[in-house]
Amino acid sequence: KLGNETIKAELGRASWKLLHTTLARFPTKPTPDEREALSSYLHLFARLYPCGECASHFQQLLRQYKPQTSSRDAASQWGCHIHNLVNERLHKPEFDCGSVTETYKCGCADAEDEGET
Ligand code: FAD
């Protein structure tokens with residue numbers, strides 16, 4: 001049982017990292033097509049998330065808190081907020097969303113605003 005909890009937590013950490021980094025790299029001024037892509041991505045992510053109980057709870061959160069896709073900041077803040085709701089449910093501390101966009105770096109060559117390419 002402890003082993004399974006450890007695996008679930010590792011999957012969670014990896015998934016949150018990918019999710020927050022994706023949102024931190026979302027365009028500052030997205031096109032309608034990019035906005036649609038993010039919305040689809042998040043809904044499919046929630047639907048296909050490998051931990052069943054996590055997936056159904058996350059889908060419920062998505063219905064309650066519609067993904068924000070109007071800008072990088074809006075999307076990043078939405079992601080931080082939704083993660084905080086999961087934190088609350090799991091009795092984990094609340095994360096300060098103030099600098100979430102700067103916290104998640106991709107290390108990519110095209111991220112000129114990142115200061116570490
Ligand atoms: P995590 O919550 O994994 O966070 C990793 C790191 O991200 C933290 O150390 C911190 O640096 C940073 N962080 C924390 N909060 C935020 C935030 N709000 N915004 C940005 N960064 C932040 N586990 C369950 O047991 N039951 C569930 O129902 C469940 N549902 C999940 C649903 C989803 C979609 C995902 C991705 C994971 C879910 N998990 C669930 C896993 C759970 O959320 C944690 O990932 C896991 O318990 C490991 O927790 P952790 O304390 O290492 O930190």
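Atoms considered below: every heavy atom in the structure, side chains included; atoms not considered: hydrogens, waters and symmetry mates. Whatever order the structure lists ligands and atoms in, that order sets their numbers, starting from 1.
For atom 20 (C) of ligand 1, the nearest non-hydrogen atom of the protein is His20 NE2, 3.2 Å. When hydrogens are left out, the protein atom nearest atom 46 (C) of ligand 1 is Ala9 CA, 3.7 Å; that is the closest non-hydrogen contact.
Looking at ligand 1, you won't find any N or O of Glu5 less than 3.5 Å from one of its N or O atoms. Backbone and side-chain nitrogen or oxygen atoms of Cys97 are examined, and none is located within less than 3.5 angstrom of a nitrogen or oxygen of ligand 1. Annotation: Arg13 places an N or O atom under 3.5 Å from an N or O atom of ligand 1; distance criterion only. Below 3.5 Å of separation, one finds an N or O of Asn87 facing an N or O of ligand 1.
Transitive grouping of hydrophobic side chains (ILVMFWY, heavy atoms separated by less than 4.5 Å) brings Leu61 and Leu11 into a common cluster.
Taking both residues in full, the closest heavy atoms of Cys54 and Lys8 are given as SG-CD, 4.2 Å, listed atom of the first, atom of the second, then distance.
Between the side chain of Ser56 and the main chain of Glu53, a donor-acceptor pair closer than 3.5 Å is present. A donor-acceptor pair is defined here as one N or O able to donate and one able to accept, closer than 3.5 Å; such a pair exists between the side chain of Ser76 and the backbone of Leu23. At least one donor-acceptor pair under 3.5 Å links the side chain of Trp78 to the backbone N or O of Lys66.
Nearest residue to atom 13 (N) of ligand 1 from Phe58, Phe95, Phe45, Trp16 is Phe95 (criterion: closest heavy atom). Of the listed residues (Gly12, Pro93, Cys80), the one carrying the non-hydrogen atom nearest atom 18 (N) of ligand 1 is Cys80. Nearest residue to atom 40 (C) of ligand 1 from Cys54, Gly52, Ser56, Cys51 is Cys54 (criterion: closest heavy atom).
Of all the atoms in ligand 1, the ones that sit under 4.0 Å from a non-hydrogen atom of Val86 are 43 (O). Residue-ligand proximity, Leu90 to ligand 1, at heavy-atom distances under 4.0 Å covers atoms 23 (N), 24 (C), 25 (O), 26 (N), 40 (C), 42 (C), 43 (O). The distance from ligand 1 to the heavy atoms of Asn84 drops below 4.0 Å at these ligand atoms: 18 (N). Counting atoms of ligand 1 from 1 in the listed order, those under 4.0 Å from a heavy atom of Ser15 are 36 (C). Residue Tyr104 approaches ligand 1 through these ligand atoms, each under 4.0 Å from one of its heavy atoms: 7 (O), 12 (C), 13 (N), 20 (C), 21 (N), 22 (C).
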For the pair Tyr104 and Thr22, evaluate side chain to side chain contact (heavy atoms under 4.5 Å, CB included) and give the outcome as yes or no after the intermediate values.
CA-CA 9 Å; Tyr104 289 91; Thr22 301; over 6 Å; no

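With sequence neighbours left out, the ring-ring contact (aromatic ring centres under 6.0 Å, His included) criterion links Tyr49 to Phe45.
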Going by atom type alone, with no hydrogens or angles, which donor-acceptor pairs under 3.5 Å involve a side-chain atom of residues 88-101 and a protein atom two or more places apart or on another chain?
{"residue": "Arg89", "atom": "NH1", "partner": "His57", "partner atom": "ND1", "Å": "3.4"}
{"residue": "Asp96", "atom": "OD1", "partner": "Gly98", "partner atom": "N", "Å": "3.0"}

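Distance screen at 4.0 Å: atom 2 (O) of ligand 1 has a protein heavy-atom neighbour inside the cut-off. Within the 4.0 angstrom cut-off, atom 6 (C) of ligand 1 has no protein heavy-atom neighbours.
Assignment of Lys92 to the shell around ligand 1 is supported, since a heavy atom sits closer than 4.0 Å. By the 4.0 Å heavy-atom criterion, Arg89 is counted among the residues contacting ligand 1.
A salt bridge is absent between Glu34 and Lys29; no separation between the charged side-chain nitrogens and carboxylate oxygens falls under 4.0 Å.
In this structure, the side chains of Pro67 and Leu62 come closer than 4.5 Å at one or more pairs of heavy atoms.
One distance of note links CD of Gln64 with CD1 of Ile82; it measures 8.5 Å at 0.5 Å rounding.
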